[in-house]
Engineer: 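The structure is given below, and queries will be raised subsequently.
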Amino acid sequence: MAASAAPPGSSCSHALKDSQDLPQGSAFSGTRDPFRAFHRDLDFVGKFLKPLLVGELAPEESSQDRGKNSQIIEDFRILRKTAEDMNLFKSNHLFFLLILAHVIVMEIIAWLIVFYFGNDWITTMIASVILATCQIQAGWLQHDFGHLSVYKKSQWNHLAHQFVIGHMKGASSDWWNHRHFQHHAKTNVFRKDPDVNTLHTFVLGEWQPVEYGKKKLKYLPYNHQHQYFFLIGPALLIPVYFQYQIIMSMIVYKKWADLAWAISYYVRFFITFVPYYGFLGSILLLTFVRFLESHWFVWVTQMNHIVMDINEDPYRDWFSNQLATTCNVEQSAFNDWFSGHLNFQIEHHLFPTMPRHNLYKVAPLVKSLCAKHGIQYQVKPLLTALQDIVRSLKKSGDLWLDAYLHK
């Protein structure tokens with residue numbers, strides 16, 4: 001995140017709400033783990049902590065931090081220091097350059113296919129699949145820049161983030177930052193993680209469906225949500241819901257730089273394809289590409305979270321909470337590419353600024369710490385993880401129906 005006074009809902013504001021007292025000495029030696037996780041230049045962003053300090057608890061006052069396992073907290077900080085000593089937070093710039101290059105090459109291939117073979121249905125379908133692949137891979141790449149995991153200087157990451165998410169995807173870096181860092185700071189926490197704010201469309205986990213059932217809330221037939229999920233989940237998230245959110249966010253909050261980057265994407269897209277499809281046809285092509293991308297995005301991002309613990313804020317320590325709300329998918333060259341290394345979701349949530357190509361290196365250390373403290377470390381085959389999305393929706397829907405009818 002940019003180092004500025006933290007806006008409501010930002011990663012910084014969430015982390016500061018849970019901050020422990022800062023001891024004497026280093027300004028960050030006692031800072032809460034979430035705050036350390038989100039920022040690369042701790043000395044610089046630390047300058048903005050003091051104005052946000054509203055007071056300190058007296059020793060006799062209750063604290064949400066009490067009851068947390070201090071040994072887990074200490075062991076995790078040792079683990080992080082070990083990862084730093086192993087240079088696991090140092091990125092391979094060539095890796096990310098190749099990711100960017102393969103996205104650009106695929107975009108060129110999609111255009112060449114239409115240029116040489118025309119705009120018939122078969123050609124259009126092939127080009128659409130390639131363009132959707134470009135969009136999802138650009139999405140994983142902007143995710144890297146957004147987390148400041150590529151360059152040492154935050155400003156370079158921010159600029160690259162604006163270019164990739166804006167010029168290559170037509171979206172807003174500011175919108176992404178505020179939404180995604182809330183998700184990381186309070187993963188799977190109702191009313192704090194926007195990713196589990198389903199606007200009454202779905203009930204998730206075990207707590208929400210029971211609460212809805214007890215209150216006789218029935219915005220939709222939730223016992224069938226595992227079926228209508230296919231119609232309104234993957235199909236509509238990016239081309240409808242996200243698209244509306246992004247446009248409104250840029251206009252309402254006057255993010256003119258983001259808007260300019262986004263416009264440059266649409267100008268480039270229409271210049272490329274209007275000669276072959278016309279203006280209306282190009283809009284339909286873009287919508288279909290978004291539709292395909294949305295399916296890919298939803299299945300990959302939800303296979304790690306929606307199947308895990310979703311509840312009110314448990315005030316667990318950082319390490320335990322990430323292990324309770326995230327899971328991994330088995331490593332393979334395909335799974336790494338297909339998910340943008342989000343198959344290592346546990347490690348990514350523990351160390352958001354760690355370059356994705358190093359996540360597999362820190363995984364054994366995380367497993368060892370889990371084994372030491374008896375914490376479950378879940379790793380699944382890809383297909384099992386995708387199937388578990390539907391299973392979890394059905395389980396939550398059944399919990400809602402039981403509570404609705406009998407409580």
Engineer: Regarding Y228 and T201, do their side chains bring together a donor and an acceptor under 3.5 Å, going by distance alone?
Structural biologist: no
Engineer: Between CG of L220 and CG of L199, what distance do you get to the nearest 0.5 Å?
Structural biologist: 11.0 Å
Engineer: Does a donor on one side chain and an acceptor on the other come within less than 3.5 Å for S264 and H167?
Structural biologist: yes
Engineer: Below 4.0 angstrom, N of the basic side chain to O of the carboxylate: do E347 and K361 qualify?
Structural biologist: no
Engineer: Would H183 and H180 count as a ring pair (Phe, Tyr, Trp, His ring centres under 6.0 Å) here? Give the steps.
Structural biologist: CA-CA 5 Å; H183 160 69; H180 192 67; 5.6 Å; yes
Engineer: Can you tell whether the side chains of D313 and R191 come within less than 4.0 Å, N to carboxylate O?
Structural biologist: no
Engineer: Please check if the side chain of N157 supplies one atom and the backbone of G146 the other of a donor-acceptor pair under 3.5 Å.
Structural biologist: no
Engineer: Under the 3.5 angstrom rule, does the side chain of S396 hit a backbone N or O of L393 as a donor-acceptor pair?
Structural biologist: no
Engineer: Strictly distance-based, threshold 3.5 Å: is any side-chain N or O of Q225 a donor or acceptor partner for the main-chain N or O of V203?
Structural biologist: yes
Engineer: How about NZ on K395, more than 12 heavy atoms from neighbouring residues, nucleotides or ligands closer than 6.0 Å, or not?
Structural biologist: no
Engineer: Is it the case that H147 and H161 place a side-chain donor and acceptor less than 3.5 Å from each other?
Structural biologist: no
Engineer: Taking the six-membered ring for Trp, are H341 and F344 parallel (under 30°), tilted (30 to 60°) or perpendicular (over 60°)?
Structural biologist: parallel
Engineer: Taking NZ, NE, NH1 and NH2 as the nitrogens, is one of them in E107 or R268 under 4.0 Å from a carboxylate oxygen of the other?
Structural biologist: yes
Engineer: Hey, are D309 and R316 close enough for a salt bridge, meaning a charged N less than 4.0 Å from a carboxylate O?
Structural biologist: yes
Engineer: Tabulate below the donor-acceptor pairs under 3.5 Å that side-chain atoms of residues 112-123 make, not counting sequence neighbours, or state none.
Structural biologist:
from: N119; atom 1: ND2; to: Y276; atom 2: O; distance (Å): 2.6
from: D120; atom 1: OD1; to: I122; atom 2: N; distance (Å): 3.1
from: D120; atom 1: OD1; to: T123; atom 2: N; distance (Å): 2.9
from: D120; atom 1: OD1; to: T123; atom 2: OG1; distance (Å): 3.1
from: D120; atom 1: OD2; to: T123; atom 2: OG1; distance (Å): 3.1

Engineer: Please determine whether the number of non-hydrogen atoms from other residues, nucleotides or ligands lying under 6.0 Å from atom CD of E206 exceeds 12.
Structural biologist: no
Engineer: Taking 4.0 angstrom as the limit, do D174 and K255 come out as a salt bridge?
Structural biologist: yes
Engineer: Does the pair D402 and D398 meet the rule for a side chain to side chain contact (heavy atoms under 4.5 Å, CB included), with working shown?
Structural biologist: CA-CA 6 Å; D402 180 68; D398 290 342; over 6 Å; no
Engineer: What is the ring orientation for H226 with H224, classed by angle as parallel under 30°, tilted 30 to 60°, or perpendicular over 60°?
Structural biologist: parallel
Engineer: If you compare all heavy atoms of T353 against all heavy atoms of R80, which two are closest, and at what distance to 0.1 Å?
Structural biologist: OG1-NH2, 4.5 Å
Engineer: Give a yes or no answer on whether the side chain of S91 reaches the backbone of V150 with a donor-acceptor pair at less than 3.5 Å.
Structural biologist: yes
Engineer: Can you tell me how the ring of F269 sits relative to the ring of F273, calling it parallel under 30°, perpendicular over 60° and tilted otherwise?
Structural biologist: tilted
Engineer: OH of Y360: more than 12 outside heavy atoms within 6.0 angstrom?
Structural biologist: no
Engineer: Would you confirm whether R40, through its side chain, and L148, through its main-chain N or O, come within 3.5 Å as a donor-acceptor pair?
Structural biologist: yes
Engineer: When you look at NZ of K254, are more than 12 heavy atoms from neighbouring residues, nucleotides or ligands closer to it than 6.0 Å?
Structural biologist: no
Engineer: Are any side-chain N or O atoms of Q182 and backbone N or O atoms of H178, one a donor and one an acceptor, separated by less than 3.5 Å?
Structural biologist: yes
Engineer: Any side-chain to backbone donor/acceptor pair from Q142 onto G139? Under 3.5 Å, distance only.
Structural biologist: yes
Engineer: Report the relative orientation of the aromatic rings in W176 and H143; use parallel for angles under 30°, tilted for 30 to 60°, perpendicular for over 60°.
Structural biologist: perpendicular
Engineer: In Å, rounded to the nearest 0.5 Å, how long is the span from CD1 of I283 to CZ of F270?
Structural biologist: 5.0 Å
Engineer: Between R36 and D33, does any side-chain N to carboxylate O distance fall below 4.0 Å?
Structural biologist: no
Engineer: State the NE2-CG distance between H349 and N328, to the nearest 0.5 angstrom.
Structural biologist: 10.5 Å
Engineer: Compute the centroid of each ring, for W337 and then for W296, and state whether the two points are separated by less than 6.0 Å.
Structural biologist: yes
Engineer: Does the gap between the ring centers of Y219 and H200 come in under 6.0 Å?
Structural biologist: yes
Engineer: Does the plane of the ring in F297 sit parallel, tilted or perpendicular to the ring in F242? Use 30° and 60° as the thresholds.
Structural biologist: perpendicular
Engineer: Taking atom OH of Y253 as the centre, report whether more than 12 heavy atoms of other residues, nucleotides or ligands fall under 6.0 Å from it.
Structural biologist: no
Engineer: With no hydrogens and no angle check, just 3.5 Å: does a side-chain donor-acceptor pair link D317 and S320?
Structural biologist: yes
Engineer: Given Y222, which of F202, W400, F229, Y404 fulfils the ring-ring contact (aromatic ring centres under 6.0 Å, His included) condition?
Structural biologist: W400
Engineer: Checking side-chain polar atoms at under 3.5 Å, does S172 have a donor or acceptor matched by the opposite partner on D258?
Structural biologist: yes
Engineer: Any donor-acceptor pair under 3.5 Å linking the side chain of N335 with the backbone of E330?
Structural biologist: yes
Engineer: I'd like to know if the side chain of Q376 and the backbone of L323 have a donor-acceptor N/O pair within less than 3.5 Å.
Structural biologist: no
Engineer: So that I know where these two stand, are F319 and H373 an aromatic pair - ring centroids less than 6.0 Å apart?
Structural biologist: no
Engineer: Taking the side chain as everything from C-beta on, heavy atoms only, tell me whether T326 gets closer than 4.5 Å to H305.
Structural biologist: yes
Engineer: Taking atom types as modelled, find out whether Y315 and N321 have a side-chain donor-acceptor pair closer than 3.5 angstrom.
Structural biologist: no
Engineer: Any side-chain donor-acceptor pair under 3.5 Å between S339 and N343?
Structural biologist: yes
Engineer: Any side-chain to backbone donor/acceptor pair from D144 onto S149? Under 3.5 Å, distance only.
Structural biologist: no
Engineer: Quick one: closest heavy-atom pair of P355 and L88, and the distance?
Structural biologist: CD-O, 3.4 Å
